[in-house]
Structures are given as C-alpha cells and as structure tokens.
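To keep things clear, I will list the structure first and then write my remarks on it.
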Amino acid sequence: MGMMKIFSGSEILASALKEKIEEVGVEVLQKDNIQSARLGGFGNLDLAVELFIDERYFGKVNEVVEKFRMSI
C-alpha cells in the first residue's frame, strides 16, 4: 500500500498531531524538510514538517486529523 500525506506545517504542530495519531495505534512517518535542507546546504522557507500514514489507516485517523485541524 502507499503512503498518504496528512499534514504539512511547523514541527511543533506536527509533533502534537503525530502523538494524537499514535495514541489510536497508527504508525506515522515524519519527514523533516528543514533538517534535510540544512544537511544538503540549502535554506528552506516552505512548510517544515510533513506527516504520512499508510493509506489503509486513513479511515481510522481521519477524525483525529480533522479534530486537530479545527483546533488550530
């Protein structure tokens, strides 16, 4: 199965959402674009962190993600 991006934003918000998703038993892949850009010698002013889940679990985490988005 494929990976689905569920969030792009600051590291602080991504960490909070990742914790909430992991509480319902779904593993989250976190991609840190700032760290990648820094190691590559580039600057990055775009959205810093992206969260991905296995697309099979979207139904399980959709409510958590939507509730989180409405709270920010």
Side-chain angles (χ1 to χ4, degrees):
M1 298 296 158
M3 299 299 284
M4 171 185 278
K5 181 166 62 170
I6 56 167
F7 180 79
S8 294
S10 74
E11 185 174 4
I12 294 170
L13 291 175
S15 295
L17 179 57
K18 181 180 178 184
E19 186 176 304
K20 290 181 182 301
I21 292 170
E22 289 175 342
E23 286 175 2
V24 297
V26 175
E27 187 175 334
V28 179
L29 174 68
Q30 180 172 321
K31 180 180 174 192
D32 188 338
N33 293 319
I34 287 181
Q35 195 66 264
S36 296
R38 185 186 65 77
L39 292 173
F42 304 103
N44 186 358
L45 299 176
D46 214 1
L47 295 174
V49 179
E50 298 172 324
L51 298 179
F52 296 86
I53 61 165
D54 187 314
E55 63 187 11
R56 294 176 292 178
Y57 301 115
F58 178 72
K60 189 173 183 179
V61 301
N62 186 43
E63 185 177 337
V64 174
V65 173
E66 289 304 315
K67 187 181 281 189
F68 181 80
R69 286 185 176 159
M70 295 303 288
S71 72
I72 56 174

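If you're wondering where the values come from, they're calculated on a predicted model, not measured in any experiment.
- Distance OG/Ser8 to CG/Leu13: 11.5 Å, rounded to 0.5 Å.
- In this structure, Glu23 places its CD atom where more than 12 heavy-atom neighbours from other residues, nucleotides or ligands lie under 6.0 Å away.
- Atom CD of Gln30 has more than 12 heavy atoms from other residues, nucleotides or ligands within 6.0 Å.
- Atoms NZ and CG, on Lys18 and Leu29 in that order, are 8.0 Å from each other to the nearest 0.5 Å.
- The CG atom of Leu51 lies 10.0 Å from the CE atom of Met3; values are rounded to the nearest 0.5 Å.
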Side chain to side chain contact (heavy atoms under 4.5 Å, CB included) assessment of Glu27 paired with Asp54: CA-CA 8 Å; Glu27 187 175 334; Asp54 187 314; over 6 Å; no
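- The minimum heavy-atom distance linking Val49 with Ala14 is given by the pair CG1-CB, 3.5 Å.
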Could you tabulate the donor-acceptor pairs under 3.5 Å formed by side-chain atoms of residues 60-72, not counting sequence neighbours?
| from | atom 1 | to | atom 2 | distance (Å) |
| --- | --- | --- | --- | --- |
| Lys60 | NZ | Val24 | O | 3.2 |
| Arg69 | NH2 | Ile6 | O | 2.4 |
| Ser71 | OG | Phe68 | O | 2.7 |

